[in-house]
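Working notes for the structure below.
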Amino acid sequence: MPWRKGQRLPPRVTLILVAATAVPLVALFWVSWRLLAQDRALEDQQIDQRVERAADIVAAALERAVAAAERRLAEGNRDWPDGAAVLTAQGEIVQVWPAGRAAYLPIAQKIPELPVEPFAAGEAIEFRERDFNRAAAIYRDLAGSTRPGLRAGALLRLARCLRGSEKPADALPVYTRLLDEDGWAFEGTPVSLVARQARCSLMETLNRADDLRNEAALLGSDLQRGRWSLTRAQAHLYAQDVARWGVEPSPAQPERELLAEGLSALWERLSLPGTAASGRGSLAVRPQASVVALWSRAGGRVSALVVTPRFVSAQWLAVIDPVLREQRVKLMLHDGTRGLPPGTVRRTDETGLPWTTVVAAGDPKAERGEYQARRRLLLLVFLILAALIVLAGTLTFRATSREFAAARLQSEFVAAVSHEFRTPLTSLRQFTDMLREHKNLSDERRALCYEAQARSASRLTRLVESLLDFGRMEGGARVYHFEPIDAAELARRVVEEFRAEAQSSDYQFRLTAQEPAAVEADAEALGRALWNLLDNAVKYSGASREIEVEVRRTGPEVMIAVRDRGLGIPAHERGLIFRKFQRGGDAVRLGIRGTGIGLTMVEHIVKAHRGRIEVRSEPGQGSAFALVLPVRR
Ligand code: ADP
């Protein structure tokens, strides 16, 4: 149909169809644009709200972990994992658990000093007379005493005399005995420590390098185990000695130092007036390091827990790790409120925790990615909907166009049929009038009139039969009576009849027939098909007057071809001319009579004969239509 002019839809219908497509399309675009924009605006807000909620959940989880530690502390538990130290204090007596966990104590501990009196005589000989042998003899006697203080003091002095009298090797076993004398101090230093340190110096003096290293290692391990309650100065001094004598400090040393510093900082804080009886706090002990302290004080008794960042992450943060993962956030703990990273901040006064907590989205990129994926999906749905609307619009447009075109074709058909009828009817009336009005017409003229009337009547009959036949074909009611016929003979007969009837005396019909061309056919139907082809050849011959008809047998087929040298058919029309009511552009433009059902019928008939129709045409050169039928065997 596209090749027919004037087939456009009426503007009003086109407008309605365009509006019916455009309005939902615009509405869809508007809704999707709004939804997408809203979603983007919500994205940040939703992430913030989620992180805000997570910050409270995380704070509560941390609170549970810290409170559990406080309960353990209150229960008097002294066995704590690495990175934690418990301090108990009653007056000036301070103890740290587990032993050796901290490098030193916050304050010096009072250990009983060795008695001095019993050694006055010995020391007079030792220092004034500088008689080390005699003094040593006195001390040796006293070293046999069962009184621990006396014994320890004597051993210490005996060893000193032996060193003074250039007998360092003899001093070594004396110091060994002294190693077991715990519980006494000499000028503030535990005597067993003095003994261990002295043994090291003697080994050094004696150049016994291996022994020195072993001895220093023993000193180091005792320091590590917390055998002695030392002050910071003492601890550092002996640690330096140990290092000087070639023993590597233990890897746990920095942690012990940190805990000791933390305990000292806490002790200082507790001694400040106005410090709460119980509390939690983060204590910055160095610019880059801080510890967390939990303490409670009742009736002069203090118990406190100090933990390092390592403990916090290994114990407390490990516990809340699942919470962080579930909430898809990351947590940062801070001492103060300055220099905080971006995120949701909960200060210590809000949470009661020892840190300011900062909670931020765990993987904001991935989270944004999720939102983006959701938006992309939404966009895809919108695009599919838009495509469906456009498709529905296009289909409706095409169906409506087709309906309109069919309606127009039908009305054109009716007009064309009326026109076809009018011509022979007018001719009939004219000749009838002539016969009636001119009574004295010569016999010759009268005969011409009758002939003309007969031609018009036969044309009308043919027209009516053709229409009835077309109706039957359309309704599927056309019945064919097949019989063996010779196509060449049929062609000759039809061409003769056509020439006689079609007032086409100036046309030259050239028939070439190869006989016999036996086919099984409905002679009347096949004749009509050939008649239609001849009729078209005449109608569309233009200025040409030559028409060829050829009947030929080619292999298993018989071909009946009609060739003209007329207008020809443009390529784009060739596939459409067999459709009912379809007329070519030239046919309409040049006002050539016709109804557009001729070729439809030809195709119907030839198909009923299990044959086909072939067209070859060149605009301006003419056309050839061939009915190709199976040969009769
Ligand atoms: P119509 O009544 O219009 O002739 P047909 O079905 O017989 O209807 O033919 C359909 C159209 O095919 C014609 O309108 C014409 O454009 C084209 N046509 C048919 N036969 C010829 C021919 N021999 N030469 C040129 N055009 C032809």
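Computed from a predicted structure; not experimentally measured. First listed ligand is number 1; within each ligand, the first listed atom is number 1.
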Rounded to the nearest 0.5 Å, what separates atom CZ in Arg398 from atom OG1 in Thr396? 11.5 Å
Is the closest basic N to carboxylate O distance between Arg610 and Glu520 below 4.0 Å? no
Looking at Thr348, Val66, Val292, which hits side chain to side chain contact (heavy atoms under 4.5 Å, CB included) with Leu353? Val66
With no hydrogens and no angle check, just 3.5 Å: does a side-chain donor-acceptor pair link Asp335 and Ser290? yes
Enumerated ligand 1 atoms positioned under 4.0 Å from heavy atoms of Lys539: 1 (P), 2 (O), 4 (O)
Going by heavy atoms, is Leu567 under 4.0 Å from ligand 1? no
Ligand-side contact atoms (ligand 1) for residue partner Gly598, heavy atom cut-off under 4.0 Å: 5 (P), 6 (O), 7 (O)
Check if Asp586 has a non-hydrogen atom at a distance under 4.0 Å from any atom of ligand 1. no
Any Phe578 heavy atom less than 4.0 Å from ligand 1: no
Show which atoms of ligand 1 fall inside a sub-4.0 Å distance from at least one heavy-atom site of Gly594. 2 (O)
Atoms of ligand 1 less than 4.0 Å from Gly568 heavy atoms? 25 (C)
Would you say ligand 1 has an N or O under 3.5 Å from any N or O of Gly585? no
Salt bridge or not for Arg528 and Glu524, using N-O below 4.0 Å? yes
Less than 3.5 Å between some nitrogen or oxygen of Glu573 and one of ligand 1, yes or no? no
Run the numbers for me: atoms of ligand 1, each under 4.0 Å from some heavy atom of Thr595, listed by number. 2 (O)
Is the backbone of Pro516 close enough, under 3.5 Å, to the side chain of Asp486 for a donor and an acceptor to pair up by distance? no
Which atoms of ligand 1 are found less than 4.0 Å from any heavy atom of Ile569? 25 (C), 26 (N), 27 (C)
Whether Arg545 engages the ring of Tyr507 as a cation-pi pair (distance to the six-membered ring centre under 6.0 angstrom, angle to the ring normal within 45°) should be assessed. yes
Is there a polar contact, in the sense of an N or O pair closer than 3.5 Å, between Arg583 and ligand 1? yes
Establish, for the pair Arg478 and Tyr480, whether the NZ or CZ atom is under 6.0 angstrom from the six-membered ring centre and no further than 45 degrees off its axis. yes
Asp564 contact mode with ligand 1 (heavy-atom cut-off under 4.0 Å): side chain
Roughly how far, to the nearest 0.5 Å, is the CG atom of Leu379 from the CZ atom of Arg376? 9.5 Å
Would you check whether Leu599 has a nitrogen or oxygen atom less than 3.5 angstrom from a nitrogen or oxygen atom of ligand 1? yes
Taking only heavy atoms of Gln582, which atoms of ligand 1 are found under 4.0 Å from at least one of them? 10 (C)
Would you please say whether a donor-acceptor pair under 3.5 Å links the side chains of Tyr371 and Gln46? yes
Any idea which atoms of ligand 1 are less than 4.0 Å away from a heavy-atom of Ala587? 14 (O), 16 (O)
